[in-house]
Protein chains: 2
Amino acid sequence: MRKEASTNARNEADILRNCGMAYTLSVIGGRWKPTILFTLLNNGRMRYNELRRSINGISERMLVAQLRELEEDGLVKRIIYPEVPPRVEYELTPAGISTEPMLMCMSDWGNHQRIQKERLVDTSREISVS
Amino acid sequence: MRKEASTNARNEADILRNCGMAYTLSVIGGRWKPTILFTLLNNGRMRYNELRRSINGISERMLVAQLRELEEDGLVKRIIYPEVPPRVEYELTPAGISTEPMLMCMSDWGNHQRIQKERLVDTSREISVS
DNA sequence: CGGTATCCTGTATGATACTG
DNA sequence: CAGTATCATACAGGATACCG
């Protein structure tokens, strides 16, 4: 932990951390991907409309786009049945399943922080009253 | 893990997970915040320009904006010294420090996935050659 | 059923010049 | 030194209509 001029020379470990983080955010960042992954983690293989109904507020356009990106990144497998009417199912790959601990870690941190912030607000309110 | 019509009724735990995740992404998502947090985790208290030089490619505008948001979310403390020329230092709060395990988890997952993908590409290349 | 195509808005991000 | 102000662009996300 040096504080001199050499601070501007980023070390290797630092750069690696940022690359990994950038990749992670590119894969699971955004408004919908975590929800999609959670939904598939909970329900297993699901059809397109089943997913759409499970995820409140998502448009068809976004669901398809996010699923295609997740597929491209190797987290989701798309299974097409050559039937009429068409049937397509989505399922997590092993890589998709491997996100579970990370997703839990992130949601737990978020919930914990929100509770902490509410406590702080309550405390400051009590102080300003008394 | 039911697959009937009742799938569209999201359960409580599911909703909570998504709220926590949404909060986490709103706080540490985006292109710069993880890097800022990593930098402060490694270097401790830092001045504005020291931070700017350490984070390659960030504009003054973005650095200030992200720091203000991190401050508002309680992860960063802004310390102003009433001097001429002005001096401002930034430091992680306990909440900011508490992100470390989560950030590590995310960057590790990202790095691990990138390596796995490279391996897959190599393997498919070998197969297509032989 | 499982999508595409098209158009549109808002936010994130960036470049540059200026200031107390 | 530590920012602001201004302008510009890219991309995420949304609404709606249509298609094989």
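Residue numbering restarts at 1 for every chain, and letters A, B, ... go by the order of the sequence lines.
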>> Can you list everything that forms a salt bridge (Lys or Arg N to Asp or Glu O under 4.0 Å) with B:Arg47? Sequence neighbours excluded, please.
In response: none
> Is there a donor-acceptor contact under 3.5 Å from the side chain of B:Thr93 to the main chain of B:Gly74?
Replying inline: yes
> Given atom CZ of B:Arg52 and atom P of D:dA2, what is their separation to the nearest angstrom?
Replying inline: 10 Å
>> The side chain of A:Pro86 is closest to which nucleotide in this list: D:dG14, D:dG20, D:dC1?
In response: D:dG20
> C:dG2 P sits how many Å from A:Ile55 CD1, rounded?
Replying inline: 14 Å
> Counting side-chain heavy atoms from CB outward, which of C:dA15, D:dG3, D:dG20 is closest to B:Tyr90?
Replying inline: D:dG3
> Is the NZ or CZ atom of A:Arg17 positioned over B:Phe38's six-membered ring, under 6.0 angstrom from the centre and within 45° of the axis?
Replying inline: yes
>> Counting only side-chain heavy atoms from C-beta out, which of C:dT13, C:dC1, D:dG3 sits nearest to B:Val88?
In response: D:dG3
> Which dot-bracket string describes DNA chain C (Watson-Crick N1-N3 plus N6-O4 or O6-N4, or G-U N1-O2 and O6-N3, all under 3.5 Å; [ ] crossing; | other strand)?
Replying inline: ||||||||||||||||||||
> To the nearest Å, how far apart are A:Met62 CE and C:dA5 P?
Replying inline: 16 Å
> A:Tyr48 has a side chain; which of D:dC1, C:dG3, C:dT13 sits nearest to it?
Replying inline: C:dG3
> Whole Å only: how far is the CD atom of A:Gln66 from the C1' atom of D:dG14?
Replying inline: 12 Å
>> Taking the side chain as everything from C-beta on, heavy atoms only, tell me whether B:Met102 gets closer than 4.5 Å to B:Ile28.
In response: yes
>> Give me the atom names and distance for the closest heavy-atom approach of B:Ser98 to B:Ala95.
In response: OG-O, 2.6 Å
> Is any NZ, NE, NH1 or NH2 atom of the basic residue among B:Glu71 and B:Lys77 found under 4.0 Å from an Asp or Glu carboxylate oxygen of the other?
Replying inline: no
> Is the shortest side-chain N/O distance from B:Arg68 to OP1 or OP2 of D:dT4 below 4.0 Å?
Replying inline: yes
> Just how far, in rounded Å, is C1' of D:dA15 from CD1 of A:Ile58?
Replying inline: 14 Å
> Taking CG from A:Leu67 and P from C:dG2, how many angstroms apart are they, rounded to a whole number?
Replying inline: 12 Å
> Could you state the CD-P distance from A:Glu60 to D:dG13, rounded to the nearest angstrom?
Replying inline: 17 Å
> What residues, two or more places apart in sequence or in another chain, satisfy side chain to side chain contact (heavy atoms under 4.5 Å, CB included) together with A:Glu83?
Replying inline: A:Tyr81, A:Arg87
>> Rounded to whole Å, please give me the gap between CE in B:Met46 and P in D:dC1.
In response: 14 Å
> Would you say a side-chain N or O of B:Arg78 is under 4.0 Å from OP1 or OP2 of D:dG3?
Replying inline: yes
> Heavy atoms under 4.0 Å, any strand shown: does B:Arg61 hit a base, just sugar-phosphate, or nothing?
Replying inline: base
